[in-house]
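Here is the structure we will look at, set down as structure tokens.
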Amino acid sequence: MTEPMVTLIFLLFLATGSLAQTANDVSWAKRVDTGSQVITTMQFYFHDTLSGSNPSAIKVAQPQSSANSLGGFGNLMMVDDPLTEGPDKNSKLIGHARGMYGSAAQNELGLIMVLNYGFTDGVYKDSSFSLLSLNPALQAVREMTIVGGTGLFRLARGYALAQTYWIDPSTGDAIVGYN
């Protein structure tokens, strides 16, 4: 098993409109209303499990041949990954990342991410943001685009920085930190 890496990550949302200031009732997120925009900073963990009897990510499509590809070009995964407050799989569940990612690069590990991050905790309950971006998964820190949201994240724009906290190379199971 690989030793966990230290995580330093930052996630920023800028939502326009007349969102009221709300209390910061969760430890994993903070909202600041500047008057013209609301800025939300979050730190949470994405648990992508491909192995075992109850995986959270499953392969739904693959090309006839991707043997010559470094990252399995053409493979498509459907996911319902838990989001937790801490990196431990037993830490508090705060939501789910649902959608798909696929290998979109022939000569490197580049995943196209099409995911909805829906939250179930605190003032963020029933709010979500959408990520649509290329994830160069072998880079230490990856910047990805936030393209919208619902609830407290309605009209969200911004970016997510992700860093792999832990990975099992034999199964592909991973824990990724977002902040």
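Treat the numbers as computed from the prediction; the structure is a model and nothing was measured.
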When clusters are formed by joining ILVMFWY residues with side-chain heavy atoms under 4.5 Å apart, either directly or through shared neighbours, do [X] and [Y] land in the same one?
X      : Y      : answer
Leu109 : Leu131 : yes
Ile112 : Met144 : no
Phe129 : Val114 : no
Leu115 : Leu93  : no
Met42  : Val123 : yes

Heavy atoms, side chains only, cut-off 4.5 Å: are Tyr101 and Asp48 in contact? yes

List the atom of [X], the atom of [Y], and the distance in Å for their closest heavy-atom pair.
X      : Y      : answer
Leu111 : Ser103 : CD2-CA, 4.0 Å
Gly52  : Pro55  : O-CD, 3.7 Å
Ser133 : Glu143 : OG-O, 4.3 Å
Gly110 : Leu134 : C-CD1, 3.8 Å
Lys89  : Thr84  : O-CG2, 4.4 Å
Gly95  : Thr120 : N-OG1, 3.5 Å

Less than 6.0 Å separating the ring centroids of Phe153 and Tyr124? yes

For the pair Met100 and Leu76, evaluate side-chain contact (heavy atoms from CB on, under 4.5 Å) and give the outcome as yes or no after the intermediate values. CA-CA 7 Å; Met100 60 185 140; Leu76 181 64; 3.9 Å; yes

Just by modelled atom types, is the Leu152 backbone N or O under 3.5 Å from a matching donor or acceptor in the Ser127 side chain? yes

Is the side chain of Ser128 donor-acceptor paired with the backbone N or O of Gly118 at a distance under 3.5 Å, no angle test? no

One pair to check against side chain to side chain donor-acceptor pair (under 3.5 Å): Ser56 and His47. What are the steps and the verdict? CA-CA 8 Å; Ser56 63; His47 297 258; over 6 Å; no

Do we see a donor-acceptor contact under 3.5 Å between the side chains of Arg142 and Thr164? yes

Between Asp173 and Trp166, does any side-chain donor sit less than 3.5 Å from a side-chain acceptor? no

Between Asp81 and Arg98, does the side-chain contact (heavy atoms from CB on, under 4.5 Å) criterion hold? Intermediate values first, please. CA-CA 6 Å; Asp81 287 341; Arg98 293 180 171 140; over 6 Å; no

When rounded to the nearest 0.5 angstrom, what distance separates [atom1] in [X] from [atom2] in [Y]?
X      : Y      : atom1 : atom2 : answer
Asp121 : Ser27  : CG    : OG    : 8.0 Å
Ile146 : Leu132 : CD1   : CG    : 10.0 Å
Thr145 : Asn135 : OG1   : CG    : 11.0 Å
Glu108 : Gln139 : CD    : CD    : 8.0 Å
Gln62  : Met77  : CD    : CE    : 10.5 Å

Check the orientation of Phe44 and Phe119. Use parallel for under 30°, tilted for 30 to 60°, and perpendicular for over 60°. perpendicular

Go through the steps for Ile39 and Thr34 under the test side-chain contact (heavy atoms from CB on, under 4.5 Å), then give the verdict. CA-CA 8 Å; Ile39 301 171; Thr34 68; 4.0 Å; yes

Which is it for Tyr45 and Leu83 under the side-chain contact (heavy atoms from CB on, under 4.5 Å) test, yes or no, and what are the steps along the way? CA-CA 5 Å; Tyr45 294 84; Leu83 303 174; over 6 Å; no

